Amino acid sequence: RPGGIRAKSNKQFKVVEPAPTIVSLSPESGPADTRVRINGTNFAAQDVVLYGKKAMTVQAITGTTIDAIVPADAREDQFITVRGKGGDARSATRFSLERPARVTKFAPLWSLVGARVEILGADFRAGDRVTLNGVELRIEQLRPTQISVTIPATARTGLLVVERGTVKSTADRPFEVLFAPVVTTFT
């Protein structure tokens, strides 16, 4: 105030940048390599964005939005963190990583029509389809690490494939369909 008492600090006054805040993620789930829009405040060009402890590639940044890519080698759900000069902001929930189905093996390696086959792997879920050489198989039981199917009469030897939308996981060897011999005459 004019004419008032003056005081001088013996320490330098420092303006601290405000910490970033994260309000939302869009989308909140997706596979690796998904572009995520992070909505919030106080973002700056030099901010670092992390998926868990892994750096995300930043494609665009403004004061209120960041577009970043989930790492291609992401393997599990993680919080997204924006690390700025003023501090860190972490998403309220983890980004839900959608992992594609993965076929590791199946048993038996061959069987007759009508037999049950167990497909082992990871990340199987409701809505997955199984085909053998292009023929859809009936799923008898589905668990996250195992799918049980029945071989139909229309099936032929070929590769077992677990499909989810356009993403496919193919067995590394063919399944052989055997047919019981048919006796046509007896002498």
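Fair warning: this is a prediction, and the values are worked out from it, not measured in the lab. For this chain, numbers begin at 1 and follow the sequence in order.
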### Task
Can you measure from OG1 (T21) to CZ (R90) and round to the nearest 0.5 angstrom?
15.0 Å
### Message
Could you check whether E118 and S148, counting side-chain N and O atoms only, form a donor-acceptor pair closer than 3.5 Å?
### Response
yes
### Message
Please say yes or no: joined through hydrophobic side-chain contacts below 4.5 Å, possibly via intermediate residues, are L97 and L25 part of one cluster?
### Response
yes
### Message
I'd like to know if the side chain of T34 and the backbone of V36 have a donor-acceptor N/O pair within less than 3.5 Å.
### Response
no
### Query
In Å and rounded to the nearest 0.5 Å, what is the CD to OG1 distance from E163 to T170?
8.0 Å
### Query
Heavy atoms, side chains only, cut-off 4.5 Å: are L132 and V177 in contact?
yes
### Query
Looking only at heavy atoms, what is the nearest atom pair of F175 and L109, with distance?
CD1-O, 3.5 Å
### Task
Could you tell me whether R99 atom CZ has more than 12 heavy atoms of other residues or ligands within 6.0 Å of it?
yes
### Message
Walk me through whether R125 and R164 qualify under side chain to side chain contact (heavy atoms under 4.5 Å, CB included).
### Response
CA-CA 9 Å; R125 67 175 194 212; R164 182 179 304 142; 3.1 Å; yes
#### Entry: Heavy-atom check, side chain of L160 versus side chain of V103, under 4.5 Å
no
### Query
Within a strict 4.5 Å, meaning less than it, do heavy atoms of the M56 and V70 side chains meet?
yes
### Query
Taking all non-hydrogen atoms of both residues, which atom of P71 and which atom of A32 are closest, and how far apart?
O-CB, 3.4 Å
### Query
Atom OG in S169, atom CZ in F124: separation rounded to 0.5 Å?
6.5 Å
### Task
Indicate, with yes or no, if V130 and V117 share a hydrophobic cluster defined by side-chain heavy-atom contacts under 4.5 Å among Ile, Leu, Val, Met, Phe, Trp and Tyr.
yes
### Message
I'd like to know if F106 and V113 are part of one continuous hydrophobic network [Ile/Leu/Val/Met/Phe/Trp/Tyr, side-chain heavy atoms within less than 4.5 Å].
### Response
yes
### Task
Please round to the nearest 0.5 Å and tell me the distance separating atom CD of E140 and atom CZ of R116.
5.5 Å
### Task
Rounded to the nearest 0.5 Å, what's the gap from OH on Y51 to CD on E76? Could you check?
7.5 Å
### Nearest heavy atoms of S29 and F95, plus distance in Å
C-CZ, 3.4 Å
### Message
Is it the case that the side chain of S24 and the backbone of N39 share a donor-acceptor pair, with hydrogens and angles ignored and the cut-off at 3.5 Å?
### Response
no
### Side chain to side chain, P100 and D123, heavy atoms closer than 4.5 Å
no
### Task
Start with the C-alpha gap between T157 and N133, add the side-chain angles, then the distance that decides, and say whether side chain to side chain contact (heavy atoms under 4.5 Å, CB included) holds.
CA-CA 7 Å; T157 296; N133 204 18; over 6 Å; no
### Query
Would a 4.5 Å heavy-atom cut-off, applied to side chains only, mark I151 and L137 as touching?
yes
### Task
Evaluate the criterion side chain to side chain contact (heavy atoms under 4.5 Å, CB included) for residue pair T145 and L120; output intermediate values, then yes/no.
CA-CA 6 Å; T145 59; L120 304 175; over 6 Å; no
### Message
Side-chain heavy atoms nearer than 4.5 Å, only ILVMFWY residues, links allowed to pass through others: does that put L159 and V167 together?
### Response
no
### Summary
Distance col, row L142:CG vs D128:CG, nearest 0.5 angstrom, shows 6.0 Å
